[in-house]
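A short write-up of the structure that comes next.
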Amino acid sequence: MVRAMQPQDLVDSTVMDNSGSKIGKVGTVYLADDTRRPEWVTVKTGLFGQKESFVPLSGAGMESDGLHVQVAKDQVSDAPRIDAEGHLSEKESVELYKYYGLPAPRAGNGENMRDRGRDAAAGGAAGGAAGGVAGTTRPTGRDTAETKARPTAEHAAKGGRHDASGAGDVVRSEEHLRVGTEQVETGHVRLRKYVVTEDEQVTVPVTHEEVRVEREPITDAKAAGKTEIGEAEQDVVLHAEKPVVQKETVPVERVRLGTEQVTEEQTVQGKVRKERIDIDDDTKRGRKS
């Protein structure tokens, strides 16, 4: 169990596993009821830190780069989901110790775990046994300012004794949204070509031959030679051009697909938790003004 660390030092610290890999950030610190020392922390993992897993502080220590624990990152990710609701029960604590393969702390001086848990809930650190109880653990740090403040008031009502591990102050914390971006696939665009048939008209000039009758008067009969009256004919071959259609394939255009990045603003929202501090002063009850 961690002895030199205070809850306010652990909240929002970076958590590293036994191989030095980053697991996440500390969300909530849970104290043992009898010793009031940190025993468990929840670590925020997953996208945007929306998932929290319990991590034991047995053998853990604070270093310059964060809190180093003695479990692996994969173990934390697969740890049982437990909704402690402000207090980690004996059964839940034993289940977590069993999952991590760690021995659960035992109660000292012959007291059973159930009695130790009840006494710790009523009197805070009055027991003070060094062994600690795995089954009764309360949170502190984020979301637990009220839980941490109440034992102080109870001690004052029982003779002004103070918790040996506390400094008489309460750290109030709140959650802030940390929004990042990730690249995801949104769809596919395909470039496909297909064939259509359409009519096309082209005007082309063509030529043809026509018959033309030419008459030339004869002025010198002798030069024309001897002629006889009778029938005669002459055959003339006419020619004409006609369009001949041929088709050929020619490239006319090159088409390609490209992408460009467009930046736009998008608003996201989420629920965050904030701690509020109440003062419960038993010394002012029953006084007449």
Side-chain angles (χ1 to χ4, degrees), residues 12 14-17 19-27 42-53 55 66 72-83 174-221 223-274:
D12 285 336
T14 300
V15 181
M16 316 293 288
D17 72 353
S19 64
S21 299
K22 179 180 176 181
I23 302 176
K25 293 279 190 178
V26 172
T42 61
V43 180
K44 295 178 283 187
T45 60
L47 185 61
F48 303 131
Q50 298 298 319
K51 178 181 177 183
E52 291 196 20
S53 302
V55 178
K73 182 177 181 179
D74 292 341
Q75 284 183 289
V76 177
S77 300
D78 299 333
R81 301 274 76 80
I82 293 178
D83 185 7
E174 61 184 30
E175 293 179 334
H176 290 173
L177 288 180
R178 294 182 180 177
V179 181
T181 61
E182 64 172 346
Q183 194 171 44
V184 297
E185 188 175 284
T186 58
H188 294 269
V189 178
R190 298 179 179 87
L191 186 63
R192 182 173 61 90
K193 69 176 182 177
Y194 56 95
V195 178
V196 297
T197 302
E198 59 184 15
D199 293 331
E200 183 177 354
Q201 293 183 348
V202 178
T203 301
V204 58
V206 295
T207 60
H208 66 278
E209 295 177 342
E210 295 181 352
V211 176
R212 184 177 61 182
V213 178
E214 297 180 356
R215 299 175 183 273
E216 181 181 352
I218 298 175
T219 58
D220 188 359
K226 185 179 179 179
T227 61
E228 294 180 0
I229 296 176
E231 296 180 359
E233 67 178 21
Q234 185 178 0
D235 186 20
V236 177
V237 178
L238 299 178
H239 300 84
E241 293 179 341
K242 65 177 182 179
V244 177
V245 179
Q246 294 180 342
K247 293 184 289 185
E248 63 175 343
T249 302
V250 295
V252 295
E253 188 180 20
R254 188 186 303 275
V255 181
R256 65 171 61 90
L257 284 177
T259 62
E260 63 178 358
Q261 289 187 344
V262 179
T263 301
E264 60 183 8
E265 292 185 352
Q266 183 175 355
T267 302
V268 297
Q269 63 181 10
K271 293 183 179 180
V272 297
R273 297 176 295 175
K274 297 183 179 181

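Sequential numbering from 1 along the given sequence is applied to the chain's residues. As the structure is a prediction and not an experimental result, all values here were calculated from the model. Values reported hereafter were calculated over all heavy atoms of this structure, with side chains retained and with hydrogens, waters and symmetry mates removed.
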For this session: Decide if atom CG of Leu191 counts as having more than 12 heavy atoms of other residues, nucleotides or ligands within a radius under 6.0 Å.
Result: yes

Problem set entry | N-O pairing of Glu52 and Arg273 below 4.0 Å | yes

Exercise. Should Val26 and Thr42 be marked as a side chain to side chain contact (heavy atoms under 4.5 Å, CB included) after you check the CA-CA gap, both sets of side-chain angles, and the distance that decides it?
Worked result: CA-CA 6 Å; Val26 172; Thr42 61; 5.9 Å; no

Let me have the donor-acceptor pairs involving side chains of residues 233-245, under 3.5 Å, with sequence neighbours excluded, atom names and distances please.
from: His239; atom 1: ND1; to: Glu209; atom 2: OE1; distance (Å): 2.9
from: Glu241; atom 1: OE1; to: Thr207; atom 2: N; distance (Å): 3.1
from: Glu241; atom 1: OE1; to: Thr207; atom 2: OG1; distance (Å): 3.0
from: Glu241; atom 1: OE2; to: Thr207; atom 2: OG1; distance (Å): 3.4

Exercise. Does a side-chain N-to-carboxylate-O contact under 4.0 Å join Arg212 and Glu210?
Worked result: no

Exercise. So, Asp17 side chain and Lys73 main chain: donor-acceptor pair closer than 3.5 Å or not?
Worked result: yes

Exercise. What distance do Leu177 atom CG and Gln269 atom CD have between them, rounded to the nearest 0.5 Å?
Worked result: 9.5 Å

Problem set entry | No-hydrogen, no-angle side-chain donor-acceptor test under 3.5 Å, Thr14 and Lys25 | yes

Problem set entry | Closest non-hydrogen atom pair, Val76 against Arg81 | O-NH2, 4.3 Å

Problem set entry | Check against side chain to side chain contact (heavy atoms under 4.5 Å, CB included), Val202 and Glu200 | CA-CA 7 Å; Val202 178; Glu200 183 177 354; 4.2 Å; yes

Exercise. Quick one: do Lys44 and Asp12 make a salt bridge, cutoff under 4.0 Å?
Worked result: yes

Exercise. Just one of Asp74, Val15, Val55 clears the side-chain contact (heavy atoms from CB on, under 4.5 Å) bar with Ile23, so which one?
Worked result: Val15

